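Each remark here refers to the structure printed beneath this line.
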Amino acid sequence: MKQFYCGQLDKTFVGREITLFGWVHSRRDHGGVIFIDLRDREGIVQVVFQPEDKSLFEKAEKLRNEFVIKVVGYVRERPLGTENKKIYTGEIEVIVKELEILNSCSILPFDISEYTDVSEELRLKYRYLDIRRDAVYKVLKLRSDLLSITRNFFVKNGFLEIETPMLTKSTPEGARDFLVPSRLNKGTFYALPQSPQLFKQILMVGGIDKYFQVVRCFRDEDLRADRQPEFTQIDFEMSFVEQQDVMSITENLLCDIFEYVTGKRIEIPFLRMDYEEAISKYGTDKPDLRYGLEIVNVTSIFLDTQFKVFRSIIDNKGSINVIVIPEGYIFSRQQIDDYISFVQSCGGNGLAWMKYKENKFESNIVKFFSELELNSLKEKLKLVGNEIIFFSAGEHRKSCELLGLVRQRLAKELGLIKDKNEYKFLWIINFPLFEYSDEEKKIVSVHHPFTMPNYKQLDILETKPLEVKSCAYDIVLNGVELGGGSIRIHDLQLQKKIFSLLKISSEDIENRFGFLLDALSFGAPPHGGLAIGFDRMVAILTGNESIRDVISFPKTQKGICMLSGAPSEVDKKQLIELGLMFKDKK
RNA sequence: GGGGUGGUAGUUCAGCCUGGCUUAGAACGCUGGCCUGUCAAGCCAGAGGUCGCGGGUUCAAAUCCCGUCCACCCCGCCA
C-alpha cells in the first residue's frame, strides 16, 4: 500500500527509507547518473539512480515517460546548489535502492507536461492521460471539495439529502426529455429527469421540511460551452419559507463555498435587481456587473423625429436604445461593420452608429437628425468626445437584448474585465409569471407552471396575466445564471387555475401532473426552493470558460463521448426485447 | 435549422491570401549514440506526412472553387 505521495515529501523525511509509487514524469539520463521526476496526483519528487549498483542502473536506463514504478530508497537533502525552488519537494531527493517497473507505457498521443496546449478533442479521447495533468486534477479535486462543503452546509442546517428517481415521468413542457424505453411495459417510456422539481415538492408534502440533493439532471437540447446534456445541480427545497429565506440560505451556502476557494467572505445580502431593469440596462436577465456599458433608452429624444427608420419603430411602440463606447478606445470603420454584421447574425436588423468627435456627430445617418435631437442626445449620454454610439431600434426587449449581446462582445474585445478574481453576485427578481409565445400562440410560463404568482396580483391573474409577476428568483454571477428558484404553488385551486391559463387540457393535466395535484390536496405546506448549476459554478471558480473543463468525462458539441464513443448502436436483440423492433419473419 | 473559426509529422504550429522556388518545414516528442548534478538537461545522428475526406478548375493544387465529415464559438433552442 502507498504510504506517501511523492509531492508531499519535504525535509522532515530526510534520512528515512521510503517506498514510493508513481509515474515517470520525466527522465534526465546523464550517462553516469539518472534523474527521474516521479509523479503522483500530489506532485513530483526527484529520484536519483547512481551507477554503483549495476543491475539497478541498467533497469533504470529502460525507464520511459509514464512508466509506472515502485521505488525504495532513502530521502536526503540535495547537495548544495542543486536545489530546485520551482517544486515543493525541491530541497530533497530520493536515492534509489530498489526499482520495480510495474507497467510500461505506449508512446503518448500527446505531451502530458503542462507546457503545451493540446486540442480538446484529443484530451477527451484520452481523458485518463489528461486527468494526470496537474491542472485537470486540481479542478476535479476542487470539485470534490466543494461537494463536501455543500453537503456539510446543508446537513449543518438541518437538511436531509434524499435521492429522487432517475427513471421518471416525461413532462414535455420545457426542455426535450431523454427517453428510456420500458421493457416490462412495452411501448412506454421513462424520462430522465430535467430536474427533481415535482419530487422535491412532493417531499415537502411528505413533511420532509428541508431537503437537498446533489443531483444529475438531463436535457436533450443543443450543447454549448455552458450546457451539457447531463449536468449536476445542487437542488434544495424548504417548507414554511418566504422568498427571502430561500435567498438567504443560498447566500450563506455561496459564502461558505467562495470562502473556501478565495479565502475571503463575500458580502451578503447580494444586490437585487428587477427583471425589467436588467433587460433595459443590460439587455439580459443575467447581467455581468463587472463592467458598465449600460444601455440607455433614448426613445424620448426621437419622439418627433423625421428619420424614417426611427419614426416607424416609434409609431409601432418600439424603443430606441443605445450603448456608448467611451473615449479611449480606437475603433475602426471595419470594427463597426463587424458589430453590425454580428447583430445581424444574432437575428437583428443591424445597428445604426455615430461617432462623436470635436463637438460633432459623424456618420451616414447624422444628416437625418435635427440640431435639437443631436444636442439632447449629447446631453443625455453625457458625451465628452471620441465616443462611438451604437443604436438599436425595435421592439423594446428585442432591441435591448441585441445591445446586450453587443455589450458582452465589447467587454470581451475591449478587455473591460480586468480583475479575474472579481465576483459580482446579484439576484434577479420580479420576473413576469407568463410570456406570450409566438410559436405556440399562447401564454407560457417564464419559469415553470408551479411558480407562485405575486400574492398581490392574484386578482388580475385572469384579466391581465401578462402583467403578473412571479415569486421566482435567479442568482447571477459575472454574467452567468448560476441558479434559479421560486416559491411554489401549494394551493390546489390556484395550481389548477394556472394550468387552465396555460391552456393545458384537463386530460393532459391529469396525465402529466395528476400525482402532483393529488399531493397538493392532502395538506401541502407552503414551500419554495432553488437549484444551483454546480458545473457552471465550478467553472467560474476555476477560471474556465467551458463547463467541459470541470466535468470528468464531458461530451462534445454533438453529444458524443470521445472516450467511450457513446452514443452507439445497440444489438438487434436488445431492440426486440424492448419492443422497438420486431423479429424478422422467416 | 442558421452564421462563424479551425483541420498539414505522435503533439503544437508555419506554409495557403498572391498555385510552380517544397524532395511539404520548425519546435517538442520518439529511436539510437555520447555524457556523474540535471530539473522543460545538453550534444550528435535518425525515423516519422494520403496536407480531414470526395469531387472540380489548371500544364501544375496543402494552396483556388464546390460538396462533405469532425471539433470549437455564437444565434435559434435550453419551462
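Because the structure is predicted, anything quoted here is derived from the model rather than measured. Residue numbers begin at 1 in each chain, while the letters A, B, ... track the order of the sequences.
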For residues E413(A) and Y339(A), is any side-chain donor paired with an opposing acceptor at under 3.5 Å?
yes

Do you see a donor-acceptor pair shorter than 3.5 Å between the side chains of Q213(A) and T164(A)?
yes

At 4.0 Å (heavy atoms only), tell me whether R76(A) reaches a base, stays on the sugar-phosphate, or touches nothing.
base

K469(A) atom NZ, neighbour heavy-atom count above 12 within 6.0 Å
yes

How long is the line joining CD of Q194(A) and P of C78(B), in whole Å?
10 Å

Using atom P of each nucleotide, how far apart are A62(B) and G46(B) to the nearest Å?
27 Å

Starting at atom CD of E481(A), determine the distance to atom P of C78(B), rounded to an integer number of angstrom.
13 Å

Spacing of L223(A) atom CG relative to C70(B) atom C1', expressed in whole Å:
15 Å

Rounded to whole Å, NZ of K125(A) lies from P of C72(B) at a distance of 15 Å

Any luck finding a side-chain donor-acceptor pair between S26(A) and D37(A) under 3.5 Å?
yes

Non-hydrogen side-chain atoms of F434(A) and V444(A) separated by less than 4.5 Å:
no

Specify the residues of residues 397-413 of chain A, ordered by number, for which at least one heavy atom lies under 4.0 angstrom from an atom of RNA chain B.
L405(A)

P atom, G6(B) versus G49(B): distance in rounded Å?
27 Å

Could you identify the nucleotide paired to G25(B), looking across every strand shown and requiring Watson-Crick or G-U wobble geometry with both distances under 3.5 Å?
C13(B)

Quick one: label D117(A) by what it contacts on the DNA or RNA (base, sugar-phosphate, nothing), any heavy atom closer than 4.0 Å.
sugar-phosphate

Is there a side-chain contact between T556(A) and the phosphate of A71(B), meaning an N or O under 4.0 Å from OP1 or OP2?
yes

Check every atom of G37(B), C72(B), U12(B) against the side chain of V118(A) and return the nucleotide holding the closest atom.
U12(B)

Over all strands shown, is Q50(A) touching base, sugar-phosphate only, or nothing at heavy-atom distances under 4.0 angstrom?
base

Any chance you could list the contact pattern along nucleotides 39-54 of chain B? Use B for base contacts, S for sugar-phosphate-only contacts and - for none, protein heavy atoms under 4.0 Å, 5' to 3'.
BBB-------------

Write down the distance separating the P atoms in C73(B) and G32(B), rounded off to the nearest Å.
40 Å

Short side-chain donor-acceptor distance under 3.5 Å, R28(A) and Q46(A):
yes

Identify the nucleotide, in any strand shown, that forms a Watson-Crick or G-U wobble pair with G67(B), with both distances under 3.5 Å; if there is none, say none.
C53(B)

Does any donor atom in the side chain of Y473(A) or N430(A) lie under 3.5 Å from an acceptor atom in the other side chain?
no

Contact class for P109(A) (heavy atom, under 4.0 Å): base, sugar-phosphate, or nothing?
sugar-phosphate

P spacing across the pair A26(B) / A40(B), given as an integer number of angstrom:
25 Å

How is T451(A) classified with respect to the nucleic acid when contacts are heavy atoms under 4.0 Å: base, sugar-phosphate, or nothing?
nothing

Polar side chain donor-acceptor pair, H396(A) to S280(A), under 3.5 angstrom
yes

Please report, rounded to the nearest Å, how far the P atom of G29(B) is from the OH atom of Y126(A).
20 Å

Given RNA chain B, 5'-ward residue of the pair D111(A) and G559(A), judged by closest heavy atom:
D111(A)

Just how far, in rounded Å, is P of A9(B) from CD1 of I107(A)?
16 Å

Applying a 4.0 Å non-hydrogen cut-off, can you work out what E93(A) is touching in the nucleic acid: base, sugar-phosphate, or nothing?
base

Does any donor-acceptor pair link the side chain of D222(A) with the base of G76(B) at a separation under 3.5 Å?
yes

Specify the separation, in whole Å, of atom CD1 of I36(A) and atom P of G37(B).
16 Å

Any donor-acceptor pair under 3.5 Å between the side chain of R227(A) and the base of C78(B)?
yes

Should the ring pair F513(A) and F499(A) be called parallel, tilted or perpendicular, given that the plane angle runs from 0 to 90° and is split at 30 and 60?
parallel

Between A45(B) and C28(B), how far is it from one P atom to the other, in whole Å?
14 Å

Considering Watson-Crick and G-U wobble pairs with both distances under 3.5 Å, what does A45(B) pair with?
U31(B)

With no hydrogens and no angle check, just 3.5 Å: does a side-chain donor-acceptor pair link Q495(A) and D491(A)?
no

Atom C1', compared across A24(B) and C75(B): separation rounded to whole Å
39 Å

Categorize R123(A) for me: base, sugar-phosphate, or nothing, with a 4.0 angstrom heavy-atom threshold over every strand shown.
nothing

Spell out yes or no: do the side chain of R224(A) and the base of G76(B) have one donor N/O and one acceptor N/O closer than 3.5 Å?
yes

Of the listed C30(B), C73(B), C75(B), the closest approach to the N65(A) side chain comes from C30(B)

Minimum-distance nucleotide to E121(A) side chain [options: A71(B), G37(B), C30(B)]:
A71(B)

Give me the distance, rounded to whole Å, that separates C72(B) from U12(B) when you measure between the P atoms they each carry.
15 Å

Please report the distance separating the C1' of A9(B) from the corresponding atom of G15(B), rounded so that it comes out in whole Å.
14 Å

Does the structure show F35(A) stacking with U38(B), if we require the centres to be closer than 5.5 Å and the planes to be within less than 30 degrees of parallel?
yes

Please work out if L122(A) contacts a base, only the sugar-phosphate, or nothing of the nucleic acid, heavy-atom cut-off 4.0 Å.
sugar-phosphate

Taking atom types as modelled, is there a side-chain donor on Y137(A) or E42(A) under 3.5 Å from an acceptor on the other?
yes

N478(A) atom CG: more than 12 heavy-atom contacts under 6.0 Å:
yes

Tell me whether Y190(A) at atom OH has more than 12 heavy atoms from other residues, nucleotides or ligands lying less than 6.0 Å away.
no

Return the value, rounded to whole Å, for the distance between atom CD of E221(A) and atom P of C75(B).
14 Å

